[in-house]
Amino acid sequence: MTKSEEEIWQILEKISDPEIPVLSIIDLGIIRSVTVNDNTLDGISEVLIHYTPTYSACPAVDMINAEIGVSLHAAGFKNLHLKQKLFPAWTTDWMSEAGKEKLIQYGIAAPIGRSCDNGKLEELKIVCPQCGSNQTILISEFSSTACKALYKCSSCLEPFDYFKCH
Ligand SMILES: [Zn+2]
(Lines give C-alpha, C1' and ligand atoms only; values in the text may rest on other atoms or scores of the structure.)
Protein backbone atom coordinates (compact mmCIF):
# COMPACT_ATOMS: atom_id res chain seq x y z
CA MET A 1 0.00 0.00 0.00
CA THR A 2 1.37 3.44 -0.88
CA LYS A 3 1.52 6.34 1.57
CA SER A 4 -1.34 8.09 -0.23
CA GLU A 5 -3.48 4.97 -0.09
CA GLU A 6 -2.84 4.63 3.62
CA GLU A 7 -3.81 8.27 4.11
CA ILE A 8 -7.05 7.73 2.19
CA TRP A 9 -8.02 4.69 4.27
CA GLN A 10 -7.52 6.85 7.35
CA ILE A 11 -9.74 9.59 5.91
CA LEU A 12 -12.45 7.06 5.02
CA GLU A 13 -12.32 5.69 8.57
CA LYS A 14 -13.65 9.07 9.74
CA ILE A 15 -16.67 9.05 7.42
CA SER A 16 -19.72 7.75 9.18
CA ASP A 17 -22.75 5.93 7.90
CA PRO A 18 -25.60 8.50 7.71
CA GLU A 19 -28.09 5.97 9.11
CA ILE A 20 -25.97 4.71 11.99
CA PRO A 21 -23.53 7.56 12.74
CA VAL A 22 -21.44 5.51 15.20
CA LEU A 23 -20.34 3.27 12.33
CA SER A 24 -17.71 4.42 9.87
CA ILE A 25 -17.95 3.25 6.28
CA ILE A 26 -14.87 1.13 7.05
CA ASP A 27 -16.75 -0.53 9.94
CA LEU A 28 -19.53 -1.31 7.49
CA GLY A 29 -17.04 -2.86 5.11
CA ILE A 30 -18.35 -1.14 1.99
CA ILE A 31 -14.97 0.06 0.67
CA ARG A 32 -13.62 -2.69 -1.58
CA SER A 33 -10.39 -1.09 -2.79
CA VAL A 34 -8.40 2.12 -2.84
CA THR A 35 -5.85 2.65 -5.59
CA VAL A 36 -3.77 5.77 -6.05
CA ASN A 37 -1.72 6.60 -9.11
CA ASP A 38 0.84 9.24 -8.10
CA ASN A 39 2.63 9.21 -11.45
CA THR A 40 0.26 11.27 -13.53
CA LEU A 41 1.32 13.76 -16.23
CA ASP A 42 -0.11 16.77 -14.41
CA GLY A 43 1.26 15.67 -11.03
CA ILE A 44 -2.20 15.40 -9.51
CA SER A 45 -2.69 11.99 -7.91
CA GLU A 46 -5.45 9.94 -9.42
CA VAL A 47 -7.60 8.14 -6.86
CA LEU A 48 -9.79 5.17 -7.69
CA ILE A 49 -12.13 3.85 -5.01
CA HIS A 50 -14.38 0.83 -5.48
CA TYR A 51 -17.21 0.46 -3.04
CA THR A 52 -20.28 -1.68 -2.58
CA PRO A 53 -23.31 0.09 -1.10
CA THR A 54 -25.07 -1.72 1.71
CA TYR A 55 -28.41 -1.43 -0.03
CA SER A 56 -28.33 -0.15 -3.57
CA ALA A 57 -31.60 1.77 -3.23
CA CYS A 58 -30.48 3.38 -0.02
CA PRO A 59 -30.58 7.20 -0.06
CA ALA A 60 -27.53 7.08 2.21
CA VAL A 61 -25.42 6.15 -0.83
CA ASP A 62 -25.55 9.68 -2.26
CA MET A 63 -24.66 11.17 1.10
CA ILE A 64 -21.69 8.83 1.50
CA ASN A 65 -20.51 9.62 -2.04
CA ALA A 66 -20.65 13.33 -1.37
CA GLU A 67 -18.89 12.92 1.95
CA ILE A 68 -16.03 10.91 0.40
CA GLY A 69 -15.65 13.53 -2.33
CA VAL A 70 -15.55 16.47 0.08
CA SER A 71 -13.19 14.77 2.56
CA LEU A 72 -10.68 13.66 -0.06
CA HIS A 73 -10.79 17.00 -1.83
CA ALA A 74 -10.06 18.75 1.47
CA ALA A 75 -7.05 16.45 1.94
CA GLY A 76 -5.70 17.46 -1.46
CA PHE A 77 -6.92 14.50 -3.52
CA LYS A 78 -8.65 16.37 -6.30
CA ASN A 79 -8.85 13.71 -8.97
CA LEU A 80 -11.26 11.13 -7.61
CA HIS A 81 -13.04 8.28 -9.35
CA LEU A 82 -15.66 6.61 -7.25
CA LYS A 83 -16.99 3.40 -8.71
CA GLN A 84 -19.81 1.23 -7.42
CA LYS A 85 -19.18 -2.48 -7.42
CA LEU A 86 -22.54 -4.19 -7.06
CA PHE A 87 -21.29 -7.76 -7.33
CA PRO A 88 -20.76 -9.52 -5.07
CA ALA A 89 -23.45 -7.77 -3.06
CA TRP A 90 -22.65 -6.37 0.35
CA THR A 91 -23.44 -8.62 3.29
CA THR A 92 -23.37 -8.07 7.02
CA ASP A 93 -20.41 -10.50 7.05
CA TRP A 94 -18.25 -7.60 5.87
CA MET A 95 -19.04 -5.56 8.94
CA SER A 96 -15.99 -5.38 11.20
CA GLU A 97 -15.98 -6.81 14.72
CA ALA A 98 -15.27 -3.29 15.97
CA GLY A 99 -18.32 -2.15 14.04
CA LYS A 100 -20.55 -4.78 15.66
CA GLU A 101 -19.26 -3.70 19.06
CA LYS A 102 -20.14 -0.07 18.27
CA LEU A 103 -23.61 -1.10 17.13
CA ILE A 104 -24.34 -2.74 20.48
CA GLN A 105 -23.08 0.30 22.37
CA TYR A 106 -25.36 2.40 20.19
CA GLY A 107 -28.30 0.23 21.31
CA ILE A 108 -28.72 -1.92 18.22
CA ALA A 109 -28.24 -5.68 18.41
CA ALA A 110 -25.53 -6.68 15.92
CA PRO A 111 -26.10 -9.28 13.19
CA ILE A 112 -25.63 -12.83 14.42
CA GLY A 113 -24.00 -15.55 12.37
CA ARG A 114 -23.25 -15.52 8.69
CA SER A 115 -25.56 -14.13 6.05
CA CYS A 116 -25.63 -17.52 4.28
CA ASP A 117 -27.11 -19.27 7.33
CA ASN A 118 -30.48 -17.72 6.52
CA GLY A 119 -31.65 -18.29 10.06
CA LYS A 120 -35.25 -17.45 10.82
CA LEU A 121 -35.57 -14.40 13.05
CA GLU A 122 -37.81 -16.27 15.50
CA GLU A 123 -35.11 -18.89 16.01
CA LEU A 124 -32.31 -16.46 16.78
CA LYS A 125 -31.34 -15.71 20.34
CA ILE A 126 -30.99 -11.96 20.19
CA VAL A 127 -29.37 -10.40 23.23
CA CYS A 128 -30.76 -7.10 24.50
CA PRO A 129 -28.16 -4.37 23.81
CA GLN A 130 -29.46 -2.43 26.82
CA CYS A 131 -29.25 -4.98 29.64
CA GLY A 132 -27.66 -8.07 28.07
CA SER A 133 -30.65 -10.34 28.70
CA ASN A 134 -31.40 -13.03 26.13
CA GLN A 135 -35.10 -12.96 27.03
CA THR A 136 -36.19 -11.01 23.98
CA ILE A 137 -39.22 -11.19 21.72
CA LEU A 138 -39.52 -10.38 18.04
CA ILE A 139 -42.12 -7.63 17.59
CA SER A 140 -41.77 -6.88 13.90
CA GLU A 141 -39.51 -8.12 11.10
CA PHE A 142 -39.17 -4.54 9.93
CA SER A 143 -38.24 -1.63 12.10
CA SER A 144 -37.35 1.97 11.16
CA THR A 145 -35.61 0.60 8.06
CA ALA A 146 -35.97 -2.67 6.19
CA CYS A 147 -32.55 -3.82 7.31
CA LYS A 148 -33.57 -3.88 10.96
CA ALA A 149 -36.09 -5.89 12.96
CA LEU A 150 -37.84 -4.63 16.07
CA TYR A 151 -37.45 -6.57 19.30
CA LYS A 152 -38.56 -6.07 22.85
CA CYS A 153 -36.64 -7.16 25.92
CA SER A 154 -38.64 -9.10 28.50
CA SER A 155 -36.20 -8.17 31.26
CA CYS A 156 -35.80 -4.40 30.97
CA LEU A 157 -38.92 -4.02 28.79
CA GLU A 158 -37.08 -1.76 26.34
CA PRO A 159 -37.70 -2.11 22.62
CA PHE A 160 -34.58 -2.26 20.44
CA ASP A 161 -33.50 -2.77 16.86
CA TYR A 162 -31.69 -5.83 15.58
CA PHE A 163 -29.49 -5.32 12.51
CA LYS A 164 -30.52 -8.30 10.42
CA CYS A 165 -28.12 -10.61 8.67
CA HIS A 166 -28.22 -9.96 5.01
ZN1 LIG B 1 -33.04 -5.53 28.22
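Being a predicted model, the structure only gives us computed values, none of them experimental. As a basis for the values below, the full set of heavy atoms in this structure was taken, side chains included, without hydrogen atoms, waters or symmetry mates. Indexing begins at 1, ligand by ligand and atom by atom, following the structure's order.
Ring geometry for Y162 versus Y151: interplanar angle over 60°, hence perpendicular rather than tilted (30 to 60°).
Counting heavy atoms from C-beta outward, I108 and K148 have side chains that approach closer than 4.5 Å.
Excluding waters, the set of protein N/O/S atoms under 2.8 Å from the Zn ion (ligand 1) reads C128 SG, C131 SG, C153 SG, C156 SG.
Between atom NZ of residue K102 and atom OG of residue S96 there is a gap of 6.5 Å, rounded to the nearest 0.5 Å. The CG atom of L23 lies 9.0 Å from the OH atom of Y106; values are rounded to the nearest 0.5 Å.
Placement of F77 and M1 within a single hydrophobic cluster is found when ILVMFWY residues are connected by side-chain heavy-atom separations under 4.5 Å, directly or transitively.
For S24, the side chain to side chain contact (heavy atoms under 4.5 Å, CB included) partners two or more places apart in sequence, or in a different chain, are E13, I26, D27.
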